[in-house]
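Throughout, residue positions are numbered sequentially from 1 according to the sequence presented. Note that these values count all heavy atoms, side chains included, but never hydrogens, waters or copies made by symmetry. Source: prediction; values computed, not measured.
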Amino acid sequence: MNEHREQQLAEIYEQLLLMSILAIRNLALAMRVFIDRDDHLVAVVEVNDAKFDELELQIDEKIVTYISIYGPIAHDCRRMLVASKIARNLEQVADQVKK
């Protein structure tokens with residue numbers, strides 16, 4: 001696999017990791033909002049939710065670009081589909097945390 005292709009995969013995985021970390025942080029903040037009744041933290045959780053929406057779109061764009069440029073084989077296609085589904089699920093977690 002060439003270096004540029006590997007770099008694009010690494011960027012997708014790094015963004016998924018960032019989404020995962022943000023999801024954990026947002027959930028912890030939401031729990032603090034519930035326990036401490038801190039209205040300031042509510043605003044932070046809402047702002048973070050917008051970041052999830054943006055990250056999900058960025059990941060999907062990178063996946064579409066990767067597939068269109070490299071025409072990957074089945075193994076890579078499965079990895080891209082899983083990455084997209086993970087991003088979607090993490091974004092849904094953020095939506096639930098916001099509620």
* To do: Would you mind reporting whether M19 and K51 have side-chain heavy atoms less than 4.5 Å apart?
  =>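 Answer no - side chains too far apart.
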* Taking C-beta and beyond as the side chain, do L55 and L22 meet within less than 4.5 Å on heavy atoms? -> yes
* So, for D60 and S84, which heavy atoms are closest and what is the spacing to 0.1 Å? ->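 Smallest heavy-atom distance, with atoms named: OD1-OG, 3.0 Å.
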* Structure fact -> Correct closest heavy-atom pair for S20 and L90 would be OG-CD1, 3.6 Å
* Asked: So Y66 and R5, side-chain contact (heavy atoms from CB on, under 4.5 Å) or not? Walk me through it.
  -> CA-CA 8 Å; Y66 181 87; R5 189 174 177 176; 3.0 Å; yes
* **Hydrophobic cluster membership, I59 vs L18, 4.5 Å side-chain cutoff** => yes
* Asked: Out of curiosity, does L57 fall in the hydrophobic cluster containing V47 (side-chain heavy atoms, cut-off under 4.5 Å, transitive links)?
  ->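 No: no chain of side-chain contacts under 4.5 Å links V47 to L57.
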Just verifying a value: how many Å separate [X] [atom1] and [Y] [atom2], rounded to the nearest 0.5 Å?
X: K85; Y: L16; atom1: NZ; atom2: CG; result: 13.5 Å
X: N26; Y: M31; atom1: CG; atom2: CE; result: 12.0 Å
X: K62; Y: L9; atom1: NZ; atom2: CG; result: 11.0 Å
X: L27; Y: R25; atom1: CG; atom2: CZ; result: 12.5 Å
X: Q7; Y: E3; atom1: CD; atom2: CD; result: 7.0 Å
X: I86; Y: I12; atom1: CD1; atom2: CD1; result: 11.5 Å

* Asked: Side-chain donor-acceptor pair under 3.5 Å between E54 and Q58, yes or no?
  -> yes
* To do: Check the pair E11 / Q15 against side-chain contact (heavy atoms from CB on, under 4.5 Å), numbers first and verdict last.
  => CA-CA 6 Å; E11 288 174 9; Q15 285 189 307; 5.6 Å; no
* So does R32 have more than 12 non-hydrogen atoms from other groups sitting under 6.0 Å from CZ? -> no
